[in-house]
Amino acid sequence: MATSSGGGGASLQRSIGWKDAFWMASGVPALVLFSIGGIAATIGNPSWVIWMLSVTFGFLQAFVYAEIAGLFPNKSGGASIYGAAAWVRYSKIIAPLSVWCNWLAWTPVLAIGGGLAAGYVLTSLFGADSAINSWEITLLPLDFLNAGLTLRINATSIVGSAILLCVFIAQHKGISAAAKLQSIIGLAVLIPLLVVGLVPLLTGDVLSENLLPLVPVAYDDAGNVIDGTWNIEGTTLFLGGLFIAAWSAYAFETAICYTSEFRDPQRDTVRAIIAAGVVCVVVYTLVPLSFQGVLGVEGMLQPGIVDGSAVAGVMAGMVGGGSIIAKIMVVMLFLALVLAIMTSMAGSSRTLYQGSVDGWLPKFLSRTNEHGAPVAGMWSDLGFNLILLLMSDYLFVLAVSNCCYLVFNFLNLHSGWIHRIDNANANRPWKAPTIMLWIGGSLAFVNAMLLGAGANVWGEGTLRSAIIAIALILPVFWYRHYVTDKGQFPSKMLDDLSVGGNTDLSVRKAGMLPYITLVAGVTVVIIANQVFHL
C-alpha cells in the first residue's frame, strides 16, 4: 500500500510496524558517545546530572509529539511536519522554518558520525600519529563563521565520505529492508552500551567521590582541576551542557518520522516513540553515570575522551576486558556510529520529502524510487554532508546544528496546544493528558533559555552562524511558494489540514496567543544570551 504520493516515481509504502520504527531510531542511544567527553570537559562533576535531566526533558516532550503525529497518519517526516500544520494558519514563514530547522538539526549527524567513524578506522589501521592521519589540504578559511574554522580535505573526510555512500546504498531499497538491517546492528550496539552502563555499577567501580560534589569545574593558576562555584560563569557552563546534550537526548522523537509508512499508524505511532524514549532514558542515565563514576573528572578531561578517539579502550577497561575486548569495543563503536548515520539519513530525508509534498521545500525533493525510498532527499542529505565532512571542527557543526534543533523544539512543543484549539474536534488516536501539553509548553521556554545561554559556551560565532543557516529558508520557501506554486499550497497539504473539519487558513481560533508565544520565546533567548556568559 502506498501513501503520500510525491512528485514522481513511487510513493512511501505502508510496510512497517512500531518495532521497525523503534529499530530505525535505535541509533539515537549511541549519540551519547558523540559528546559525553565534551560535556564532561565543559562542566565537570555535574555532567551526569545534565544527561539525566536532558533525557527526562526529551521523554516528557515526546507525549506532545505522539499526539500531533496521530493527527496525520498519511504524513512522514516527523514532529516538525505535524507542527508546521499548526503554525501555517498564523504565519506562512514560521511553518517552513520549523521544517527547515528540524532538517538542519538532524542531517549533520551524517557528517559528524561519518567523521568519527572514519577516525576509528584510520586510527585502528594506521595509528593515531601516522602520516595518513596527519596530512591535509586546506581549501577555504571560514574565520568569519568561527575562529580557526576551515574547509579541508584529509583522510578522515575521504573515508567518511565512503561510509556515507555505503549507508546511502543500504537505505536505497526502502524502509522495510533498512529496518531489518538496523535491528541487527542495533542489537550489536545496544547490548554493549547496556553492559558498559551496568557492569561498573554492579562491581562497585562507580565511586561517589568521582560524582560529587555537584559543582562546576574550574582551574587554578597552574591549570589544575579544582572545584568551581555556582556563580554566573558556573551556571552558564551548566546551561551550556544542557544545551549540547539536547541534540542527543531529545533525538528519539525521530521514531515518529515514519507515520505514513506504518501499517497501523493509529497504534504504532505512540508505541514507537514511547519505546524508543524508555530505552534512551536507560542508556542516557547509566552510561554517563558509569563513565564519570569510573574515570572521574580528570579522567574525562583526557583528550582521547573529549574527542572520542579513546572511548572504545576506556569502555573495555570499564568491563574488565583486555586487548580483545578493546578491539570488540572499537567494532561496536564503529557500528554505533554507522547506526546513528542510518537513523539520521532515514529521518532527515523523509523530512525533506514531506516538506516538499506540503509545499515548504523545493518540488524535486518529493521524488521517491520504486522501493518507496525518498531518494531525492537522500541525495540532498548526502551532498550537503559531503561538504560538512570537510569542516575542520565537528563540535562547532554540532553546536550550530543544535541551535536549529532547539528552535524546532520550541515551535513544535507549542504546536500541541495550537492543534488542540484549532482542531479540537479532530480524531486523536492517542490523546496526551492535558498536563503534558502544559509541561511541553513550559519546556519549550526552557529550550529557549538554553539556546540563548548555551550557545555562548560553544563559541562566539555559534548563534550567529545558526541565525544565518536558519535564514536560508527564506529564499528557498519564497521560490517554492511564489514562483513554483504561484502563491498556492498543494492540495494535498490543504486536505491534511481538514483533520479538524476546517480547511480555511484564515480561521485562527487561537487568536493572538501564538504570536505572543513567539515574542516571548525571542525575548527569553535575548535575555538568557545577555545574562549568562563566560
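The model shown is predicted, which means the values in this text are computed figures rather than measured ones.
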*Evaluate side chain to side chain contact (heavy atoms under 4.5 Å, CB included) for L194 paired with V283, printing each intermediate quantity in order.*
CA-CA 7 Å; L194 291 173; V283 171; 4.1 Å; yes
*Just do the side chain to side chain contact (heavy atoms under 4.5 Å, CB included) check on R464 and I467 with the steps written out, would you?*
CA-CA 5 Å; R464 180 179 65 247; I467 292 172; 5.7 Å; no
*Show the numbers, then the answer: is there a side chain to side chain contact (heavy atoms under 4.5 Å, CB included) between F63 and I439?*
CA-CA 10 Å; F63 290 90; I439 291 174; over 6 Å; no
*Might you work through the side chain to side chain contact (heavy atoms under 4.5 Å, CB included) test for W360 and V88, ending with a clear yes or no?*
CA-CA 10 Å; W360 313 124; V88 68; 3.4 Å; yes
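You'll find the side chain of L451 reaches within 4.5 Å of the side chain of L463, heavy atoms only. F72 is not listed as a side-chain neighbour of I81, based on a closest heavy-atom distance of 4.5 Å or more. At least one side-chain heavy atom of S248 sits under 4.5 Å from a side-chain heavy atom of Y284. In this structure, V28 and E253 have side chains that are not in contact, with every pair of non-hydrogen atoms separated by 4.5 Å or more. T236 places a side-chain heavy atom less than 4.5 Å from the side chain of V457. You'll find the side chain of P29 reaches within 4.5 Å of the side chain of L190, heavy atoms only. Between L289 and L211, some side-chain heavy-atom pair lies under the 4.5 Å cut-off. Residues T343 and V109 have side chains not in contact (no heavy-atom distance under 4.5 Å, counting atoms from C-beta outward).
In this structure, the separation between CD1 on I418 and CG on L413 is 11.0 Å, given to the nearest 0.5 Å. Taken from CG in L97 to OG in S91, the straight-line distance is 8.5 Å, to the nearest 0.5 Å. For the atom pair CG (L110) and CE (M342), the distance works out to 11.0 Å, reported to the nearest 0.5 Å. Considering CD1 of I341 and CG of L164, their distance stands at 5.5 Å, rounded to 0.5 Å. Taken to the nearest 0.5 Å, the CD1 atom of I256 stands 6.0 Å off from the CD1 atom of I68. With rounding to the nearest 0.5 angstrom, the CZ atom of R271 is 12.0 Å from the CD1 atom of I274.
A donor-acceptor pair is defined here as one N or O able to donate and one able to accept, closer than 3.5 Å; such a pair exists between the side chain of D393 and the backbone of F396. Checked by atom type and distance alone, the side chain of S349 never pairs as donor or acceptor with a backbone atom of G377 at under 3.5 Å. A donor-acceptor pair is defined here as one N or O able to donate and one able to accept, closer than 3.5 Å; such a pair exists between the side chain of S401 and the backbone of L104. In this structure a side-chain-to-backbone donor-acceptor pair under 3.5 Å is missing from W430 to A66. Panel note: side chain N102, backbone F408; no donor-acceptor pair is recorded below 3.5 Å. No donor-acceptor pair closer than 3.5 Å links the side chain of W18 to the backbone N or O of V270. Side chain of N231 to backbone of G234: a donor-acceptor contact under 3.5 angstrom is found. No side-chain donor-acceptor contact under 3.5 Å links S47 to the backbone of I43. No side-chain donor-acceptor contact under 3.5 Å links N45 to the backbone of L214. Checked by atom type and distance alone, the side chain of S54 never pairs as donor or acceptor with a backbone atom of I50 at under 3.5 Å.
The stretch residues 520-530 participates, sequence neighbours left out, in these side chain to side chain donor-acceptor pair (under 3.5 Å) pairs: N456-N529. Among residues at least two apart or in separate chains, side chain to side chain donor-acceptor pair (under 3.5 Å) pairs with a member in residues 438-453 are Q61-N447, Y250-N447.
Across W247 and A251, no two heavy atoms sit closer than the pair O-CB, 3.6 Å. In terms of heavy atoms, N210 sits closest to G293 at ND2-O, 2.8 Å. Scanning both residues, V281 and T285, for their nearest heavy atoms gives O-OG1, 2.7 Å. Residues C403 and F243 approach most closely at SG-CZ, 3.7 Å, considering heavy atoms.
Ring geometry, F410 versus F445: the interplanar angle exceeds 60°, so the pair is classed perpendicular (tilted spans 30 to 60°).
No side-chain donor-acceptor contact under 3.5 Å links S80 and N412.
For W103, the ring pair (Phe, Tyr, Trp, His ring centres under 6.0 Å) partners at least two apart in sequence or on another chain are W100, F384. With sequence neighbours excluded, no residue satisfies ring pair (Phe, Tyr, Trp, His ring centres under 6.0 Å) with W87. For W230, the ring pair (Phe, Tyr, Trp, His ring centres under 6.0 Å) partners at least two apart in sequence or on another chain are F238. Annotation: salt bridge (charged side-chain N to carboxylate O under 4.0 Å, His left out) contacts of E67 (sequence neighbours excluded): R420, R428.
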